[in-house]
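All values derive from a computational prediction rather than experimental measurement. Only heavy atoms go into these numbers, but all of them, side chains included; no hydrogens, no water, no symmetry mates.
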Amino acid sequence: MGWPRFGLALPQKASAGKPVPGGAAATGQGCGTVDDPGFYHAGDQVAVLTTQPIDRALDYAAPEGGCHAGAFVEVPLGPRKVLGVVWGPGAGEVPKGKLRPVIRVLDAAPMRAEMREFLTRSADYTLTPLPAMLRLATRAPGLGEGPAMRKVYRAGGVEPDRMTDARRRVLETLEEYGGLAFTLSELAQMAGVSTSVIKGLVKQGTVREEDSPRDLPFPRLDPDRPGKPLTEDQARAAGTLDDAMRAGGYGTTLLQGVTGSGKTEVYLEAVAACLRAGRQALVLLPEIALTAEFLTRVEARFGARPAEWHSGVFMTERRRVWRMVGEGGAQLVVGARSALFLPFRDLGLVIVDEEHDSSYKQEDGVLYNARDMAVLRASICGAQVVLASATPSLESWVNAQAGKYRHVKLTSRFGAAVLPEMRAIDMRAERLSPSSWISPSLRGAAEARLERGEQALLFLNRRGYAPVTVCRACGQQIACDHCDARMVEHRFLKRLMCHQCGETRPIPETCPSCGAEGKLAPVGPGIERLAEEAQAAFPEARIATLSSDLFGSARALKARIEEIAQGDTDIVIGTQLVAKGHNFPRLTLVGVIDADLGLQGSDLRAAERTFQLMRQVAGRAGRVETPGLALLQTHQPEHPVIRSILAGDEEGFWRAEAAEREAAGMPPFGRLAGIVLSGGDLNAVNTLGQALARNAAPLHRIGAQVFGPAPAPIARVRGRHRVRLLVKAAKGAPIQAAIAQWIAPARLRGDLRLAVDIDPQSFY
Ligand code: ADP
Ligand code: ZN
């Protein structure tokens with residue numbers, strides 16, 4: 001991403017705990033004039049924070065008519081006009097006569113003080129420049145435009161005089177998205193046609209042009225419609241959340257229960273309680289593909305659909321959501337992690353579903369963990385947080401054990417559904433022909449299920465056809481030119497792809513190293529190759545392959561999942577995409593092709609992740625009446641993690657894992673921060689790394705240790721060399737302030753970059 005992280009000595013001011021000039025307003029102490037705290041009269045000096053990479057707020061003169069603290073404004077910056085927020089009173093550094101005035105106040109609800117505080121504190125926590133944080137909070141197009149009408153386009157129902165390819169694409173696009181209406185440019189872009197094609201269709205009545213008001217409020221949700229009658233277990237859990245909502249103020253609850261135990265039903269009751277109190281609720285989901293099913297459930301429960309916020313939402317709708325959240329015209333938002341930065345007027349509840357999911361950690365641009373930031377935001381605005389999971393993160397489990405979080409458990413699956421039986425298949429004892437991965441035992445079990453008309457899932461967490469392509473003449477593996485990574489064959493796309501940088505190229509006929517012809521061979525399985533094997537093993541079976549890269553859009557994927565749930569498939573082959581919450585009622589067998597996969601490597605969280613993923617995948621089986629079976633193919637059935645997965649001994653696993661981390665002073669019992677240095681010139685990157693390691697006095701003062709510099713596990717990405725340092729400190733140590741001080745003198749010349757990752761999730 002384009003943000004020059006620490007491109008200058010930017011963040012130190014903010015991160016040393018000293019707010020930007022005027023930042024005091026964020027804590028409610030700043031005031032413009034005596035009569036109206038937070039209002040500035042024309043000509044008053046105000047500090048405006050822009051989304052430009054400048055290390056502090058700049059002073060301007062309040063415009064004609066004055067402005068409120070938090071107002072969204074347009075200000076001159078050099079020759080440009082840029083977006084900003086009135087952050088507080090000016091610092092008074094600019095003589096009055098030289099002050100440039102704010103150009104205009106935008107027609108949007110001012111940013112609330114609590115939001116400014118949230119941005120300031122999350123910037124401090126993640127050591128991110130405040131302007132980058134502000135950008136996360138202003139991701140709505142046309143923010144400054146008034147509530148006018150606009151033209152939208154939808155299907156008109158009249159056949160065109162003649163059909164062309166372009167026209168067909170327009171009609172198909174409109175059909176794919178049901179009754180939705182689009183702006184001209186959206187529709188043209190999605191259909192891949194010029195706007196004149198659409199205008200031609202309008203003349204014929206095939207496409208209808210309408211005036212539509214921008215930014216309509218969302219339909220009211222009715223919390224008093226009856227929900228499903230809850231079981232005793234569920235009612236107790238819902239009661240606890242309801243009490244917490246009524247008590248008001250901040251609190252976090254860990255809602256733990258096996259897949260299918262009704263966590264969603266229970267937290268929807270908390271949403272109802274929040275809506276009854278007249279406050280807004282936010283539900284975060286880890287995967288866009290999950291929202292379709294969830295939206296349907298919300299509609300069934302509350303009688304209308306909530307607002308949606310994620311990368312699949314169109315620009316005009318984004319703007320509507322952003323504005324309505326701020327004006328109170330949206331009671332409930334369902335979204336991805338960035339929804340946390342929406343301008344809620346009165347946020348009363350945040351649900352983080354599948355709270356352990358690693359996708360809550362943003363690994364690009366601003367490095368933040370949405371789960372942790374949800375807790376921060378809630379603690380500032382007096383909201384409740386519910387962290388829901390069948391397999392909580394160790395962090396949350398420890399917080400619950402320590403009494404920092406309430407702990408609510410659902411112990412049984414709803415109705416007759418029981419947890420699947422889990423068994424290992426010892427691969428050392430199985431006979432497999434070369435280049436095949438489905439063991440005879442697994443194959444037999446699947447056959448039995450298919451005969452009964454049930455579904456089986458084969459799980460392999462590897463996209464593509466084969467992870468390695470090797471030349472049988474010279475032995476070379478095909479690697480990416482820009483990264484230290486092998487190219488992965490994607491037969492479906494007919495290309496090789498680098499999973500680091502996304503670069504693709506055609507599958508070559510000849511070896512790029514030795515030029516030998518027809519000698520390139522795939523090694524190892526990806527799910528496309530597994531699908532091939534499954535089709536050969538079960539020629540009659542209808543097989544569906546689910547992987548994020550096989551679908552053009554989130555909607556296409558959703559539709560496919562819907563079809564599978566309806567039962568048009570016998571065998572589902574999938575990556576971790578299928579592990580997350582989809583309901584496949586007829587699924588009774590899960591076969592994990594390689595249960596050892598996640599245990600390799602030295603990642604701190606390898607055991608935790610494998611445990612969570614295996615439990616979650618197994619939870620897909622036997623959700624309704626038919627008992628399920630999960631079979632784990634493994635070469636190390638005696639491995640402690642595999643053993644605790646099989647035994648279903650969750651508490652035992654967490655206790656053992658917690659004890660191990662505690663003994664090592666690792667998170668959550670200690671703090672870690674990763675520093676990644678990168679640049680085109682390996683020498684310069686190394687020199688900087690060594691200089692940092694030598695001059696680590698600020699870290700030593702807080703008792704922290706520094707490891708490295710060492711080549712990052714992926715030492716080159718997109719042609720940039722990467723070197724990392726790891727900082728390890730005691731739990732209560734002021735790690736952010738020390739790091740800020742430590743890196744402040746670093747001079748980042750040329751294309752050198754330094755990125756700080758507080759509480760790193762992965763170590764790539
Ligand atoms: P989880 O979120 O823990 O995986 P869900 O809330 O999705 O569990 O519940 C699993 C399935 O059981 C869903 O189809 C849900 O509608 C159903 N279910 C759960 N509790 C009840 C209940 N009390 N009455 C009726 N159906 C229920
Ligand atoms: Zn690459």
Exercise for the section: Not counting sequence neighbours, which residues clear side-chain hydrogen bond (donor to acceptor under 3.5 Å, both in side chains) with E454? List them please. Expected result: R452, T588

Completion exercise
Of all heavy-atom pairs linking R724 and G674, the shortest is NH2-CA, 4.0 Å

Practice task
Calculate, to the nearest 0.5 Å, the distance between atoms CD and CZ belonging to E528 and F492 respectively.
Solution key: 7.5 Å

Practice task
Keeping to residues at least two apart or across chains, list the side-chain hydrogen bond (donor to acceptor under 3.5 Å, both in side chains) pairs with something in residues 506-522.
Solution key: none

Handout entry: R505 side chain reached by D481 side chain, heavy atoms, under 4.5 Å
Key = yes

Exercise for the section: Return yes if a side-chain donor-acceptor contact under 3.5 Å exists between T575 and R463, otherwise no. Expected result: no

Handout entry: Ionic contact status for R718 with E503, cut-off 4.0 Å
Key = no

Practice task
Would you please say whether a donor-acceptor pair under 3.5 Å links the side chains of S393 and E608?
Solution key: no

Exercise for the section: Using the test side-chain hydrogen bond (donor to acceptor under 3.5 Å, both in side chains), find all partners of Y368 that sit at least two apart in sequence or belong to another chain. Expected result: none

Handout entry: Mutual orientation of the aromatic rings belonging to H499 and H490 [parallel < 30°, tilted 30-60°, perpendicular > 60°]
Key = perpendicular

Exercise for the section: Please check if atom CD in E638 has more than 12 non-hydrogen atoms from other residues, nucleotides or ligands closer than 6.0 Å. Expected result: yes

Practice task
Check whether the side chains of S441 and E430 place a donor and an acceptor atom closer than 3.5 Å, and report yes or no.
Solution key: yes

Problem - Side chain proximity check, M427 to L432, heavy atoms < 4.5 angstrom - result: yes

Handout entry: Atom CD of E650 with >12 non-hydrogen neighbours under 6.0 angstrom
Key = yes

Fill in the blank from the handout: Result for side chain to side chain contact (heavy atoms under 4.5 Å, CB included) between P286 and one of E355, E354, R337 points to E354

Exercise for the section: Please confirm whether R491 makes a cation-pi placement over Y465, using NZ or CZ under 6.0 Å from the six-membered ring centre and within 45° of the ring normal. Expected result: yes

Handout entry: N-O pairing of E563 and R560 below 4.0 Å
Key = yes

Handout entry: Heavy atoms of other groups near R643 CZ, more than 12 under 6.0 Å
Key = no

Practice task
Can you label the angle between the F294 ring and the Y267 ring as parallel, tilted or perpendicular, going by 30° and 60°?
Solution key: tilted

Handout entry: Flag side-chain contact, heavy atom, 4.5 Å: L458 against Q633
Key = no

